[in-house]
Protein chains: 2
Amino acid sequence: MFKLLNMSSTPTDDRTTKARIRDAAIECVATYGVAATTVRKVAEAADVAPGSVIHHFGSMEELRFACDTYIAASIREYKRSAIAQGSGVDLTAAIQNSDIGSMGGYLAQVLAEDSPTVAKLVDDLVGDAEVYMEQAVETGMARPTDDPRGRAAILMLWSLGALVMHKHMQRLLGFDITDPESAASPALGAYAAPAYEILGEGIFTPSFSDKAREAFSAMSEKDRDDKK
Amino acid sequence: MFKLLNMSSTPTDDRTTKARIRDAAIECVATYGVAATTVRKVAEAADVAPGSVIHHFGSMEELRFACDTYIAASIREYKRSAIAQGSGVDLTAAIQNSDIGSMGGYLAQVLAEDSPTVAKLVDDLVGDAEVYMEQAVETGMARPTDDPRGRAAILMLWSLGALVMHKHMQRLLGFDITDPESAASPALGAYAAPAYEILGEGIFTPSFSDKAREAFSAMSEKDRDDKK
DNA sequence: CGCCGGATTGAACAAGTGTTTAAACTACTG
DNA sequence: CAGTAGTTTAAACACTTGTTCAATCCGGCG
């Protein structure tokens, strides 16, 4: 009998049993995925009997819900404090600075499933990104756009999508976005440099960009005409 | 007892039983995910006995492998024909034009798991994207870059990540990227327009972009100095 | 026809799932 | 000290999982 997951338990672990179970579940989801997160695996990782897991949360589904809620609350809490001290509202920063080590891994796993709690969190993040971009436009950092919400949504979908794809990114660029230590990694540049280049100046030449825009508006005009 | 999945079976279905089982499995994965794709669900969808599934593929894992391989081959085949007739090498186009209706949904599900077959496919797609971008630079469509591979990798990670996030995109923008009919949908613009705006001119103003670039190179220089 | 080999079936199997339950234990109160 | 309410446990439950297996079906060949 050996522990599969070594929870970073301090010499004297003063967390309640319920909290220990919740944390073990989060770590298990982050490491093995939701499908592989069973009552017995969580129980073993939290060092309790399987029955205790159900006793504290009622059912496995409620445990999952509790984990989603806890992670969502943790992210919202971080964003609030980040705004209060004036630093940027960056999701990757939230992942790095969280006291929940496996937050990135957990998000990467649950973003692909459809949980209403996670869906609500994503919606909120898009809303936050929109107001943040709005401010960036006002301070001259970001370009204005016809579709602020659409732009914010796509930026968030790309960011979170990259999080879900972290194993592929690790393989392609040597950089694991879910690793809390990754911010200090020299491989950070392998992701950040090209990403900021794309977000800074785009990938298309201005001449092609203009042509594409014309074709686009022509297409949507044709679409309107067809509708008549 | 009713069929959960209605395979688009022609009046006279001339596919072999093995092919029917494989197609049913792909559709089941696309709709319900890999964890929910069980022997009995596949058997029911393919209208065969559970034993037949194992008889033809040896095990459930080998069936999954066969599905991955089949999808990967189908995408590579499409790309080859697309290049041959000179049209663009666009992944979303491959999803739309494939004769496998649920290819997009299947990819969205398996990109989050770690399958060596899918990993190899992603690596190939990045490689293809790199040479495609290289040609776009030569023809004056795309800007040159210091890190062609990094740029291609990130563009692919963002695109595929958005595919995995398709349910969130559907909710946020009303556009489902996995739907084969989506290319004809008027909601296409809700995704394509802001996406092309970002890829065309970026999101940052030139002045901020310059400052960020300076900060970036200063940071990596400092990183080099610290290493000494 | 008689036969044979692959395809197909449905019943079994062991292992793993979430959940229930009764018993034991623990800590705190009257 | 006795009692009690909340924890915790291990064993059982019903169910689903992938897989095995003997029996049956079916098409082609001698």
Side-chain angles (χ1 to χ4, degrees), chain A residues 1-5 7 9 12-29 31-69 109-110 113-115 117, chain B residues 1-5 7 9 12-29 31-69 109-110 113-115 117:
Chain A
M1 186 77 83
F2 59 96
K3 293 230 200 76
L4 287 175
L5 289 173
M7 295 288 314
S9 50
T12 55
D13 195 342
D14 58 348
R15 291 175 299 175
T16 65
T17 309
K18 190 169 182 179
R20 271 197 359 257
I21 293 172
R22 190 228 311 119
D23 292 351
I26 289 173
E27 194 148 324
C28 193
V29 167
T31 314
Y32 302 111
V34 300
T37 298
T38 65
V39 187
R40 288 164 181 82
K41 287 229 190 74
V42 171
E44 194 185 3
D47 208 33
V48 294
S52 268
V53 176
I54 301 296
H55 172 259
H56 281 286
F57 289 91
S59 73
M60 203 56 194
E61 194 182 336
E62 286 173 272
L63 171 57
R64 274 192 282 263
F65 179 75
C67 292
D68 284 353
T69 308
Q109 298 280 359
V110 296
E113 322 266 319
D114 44 345
S115 137
T117 315
Chain B
M1 194 66 82
F2 57 97
K3 292 231 199 74
L4 286 176
L5 289 173
M7 295 288 314
S9 50
T12 55
D13 194 342
D14 58 348
R15 291 175 299 174
T16 64
T17 308
K18 190 169 181 179
R20 270 196 1 257
I21 294 172
R22 191 230 309 120
D23 292 351
I26 289 173
E27 194 147 324
C28 193
V29 167
T31 314
Y32 303 111
V34 301
T37 298
T38 66
V39 187
R40 287 164 181 83
K41 287 230 191 73
V42 171
E44 194 186 2
D47 208 34
V48 295
S52 269
V53 176
I54 301 296
H55 172 258
H56 281 287
F57 290 92
S59 73
M60 203 57 195
E61 194 181 337
E62 286 173 272
L63 170 57
R64 274 192 280 265
F65 179 75
C67 292
D68 283 354
T69 308
Q109 297 282 359
V110 296
E113 322 265 319
D114 43 346
S115 137
T117 315

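Below, chains carry the letters A, B, ... as their sequence lines are ordered, and counting in each starts from 1.
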* Starting from the first five and the last five pairs of the helix from C:dC1-D:dG30 to C:dG30-D:dC1, work out the angle between the resulting helix axes, to 10 degrees. =>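 The two end axes of the helix from C:dC1-D:dG30 to C:dG30-D:dC1 meet at 20°.
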* What are the two closest heavy atoms between B:Lys41 and B:Cys28, and how far apart are they? ->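 Looking at all heavy atoms of both residues, the shortest contact is CB-SG, 4.2 Å.
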* How far apart are the closest heavy atoms of B:Ser115 and B:Asp68, and which atoms are they? ->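 For B:Ser115 and B:Asp68, the tightest heavy-atom pair comes out as OG-OD2, 2.9 Å.
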N/O-N/O pairs, protein side and nucleotides 23-28 of chain C side, under 3.5 Å:
none

* To do: Could you check whether A:Ser52 gets within reach of a base, just the sugar-phosphate, or nothing at all, counting any heavy atom under 4.0 Å?
  =>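 Answer is base: heavy atoms of A:Ser52 come under 4.0 Å of a base.
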* **From CG (B:Asp47) to CD1 (B:Ile21), nearest 0.5 Å** =>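 The CG atom of B:Asp47 sits 10.5 Å away from the CD1 atom of B:Ile21.
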* **Pairwise distance CD(B:Glu27) to CZ(B:Arg22) - rounded to 0.5 angstrom** =>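 B:Glu27 CD to B:Arg22 CZ: 12.5 Å, rounded to 0.5 Å.
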Between side-chain atoms of residues 55-63 of chain A and protein atoms elsewhere (two or more places apart, or another chain), which donor-acceptor pairs fall under 3.5 Å?
from    : atom 1 : to      : atom 2 : distance (Å)
A:Ser59 : OG     : A:Glu61 : N      : 3.4
A:Ser59 : OG     : A:Glu62 : N      : 3.2
A:Ser59 : OG     : A:Glu62 : OE1    : 3.3
A:Glu62 : OE1    : A:Ser59 : N      : 3.4

* Along DNA chain D, first and last positions that approach a heavy atom of chain B under 4.0 Å ->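 Result: D:dT17 to D:dT20.
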* Those residues of residues 55-62 of chain A lying under 4.0 Å from DNA chain C by at least one heavy atom ->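 Contacts with DNA chain C under 4.0 Å: A:Ser59, A:Met60.
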* Provide, to the nearest angstrom, the distance between the CG atom belonging to B:Asp47 and the C1' atom belonging to C:dT8. =>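 That distance rounds to 12 Å.
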* **Distance in angstrom units between B:Ile54 CD1 and C:dT9 C1', rounded** =>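 The answer, rounded to whole Å, is 14 Å.
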* Any residue meeting side chain to side chain contact (heavy atoms under 4.5 Å, CB included) with B:Ala43, in chain and number order, not counting sequence neighbours ->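 Applying side chain to side chain contact (heavy atoms under 4.5 Å, CB included) to B:Ala43 gives B:Val48, B:Pro50, B:Val53.
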* Asked: Any sub-3.5 Å donor-acceptor pair from B:Arg20's side-chain atoms to B:Ala46's backbone N or O?
  ->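 Side chain of B:Arg20 to backbone of B:Ala46: a pair is present.
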* Out of C:dA12, C:dT19, C:dG10, which nucleotide sits closest to the side chain of B:Arg40? ->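 Nearest listed nucleotide: C:dA12.
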* Please tell me which of B:Gly51 and A:Val39 maps to the more 5' nucleotide of DNA chain C, matching each residue to the nucleotide holding its nearest heavy atom. =>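 Closer to the 5' end of DNA chain C: B:Gly51.
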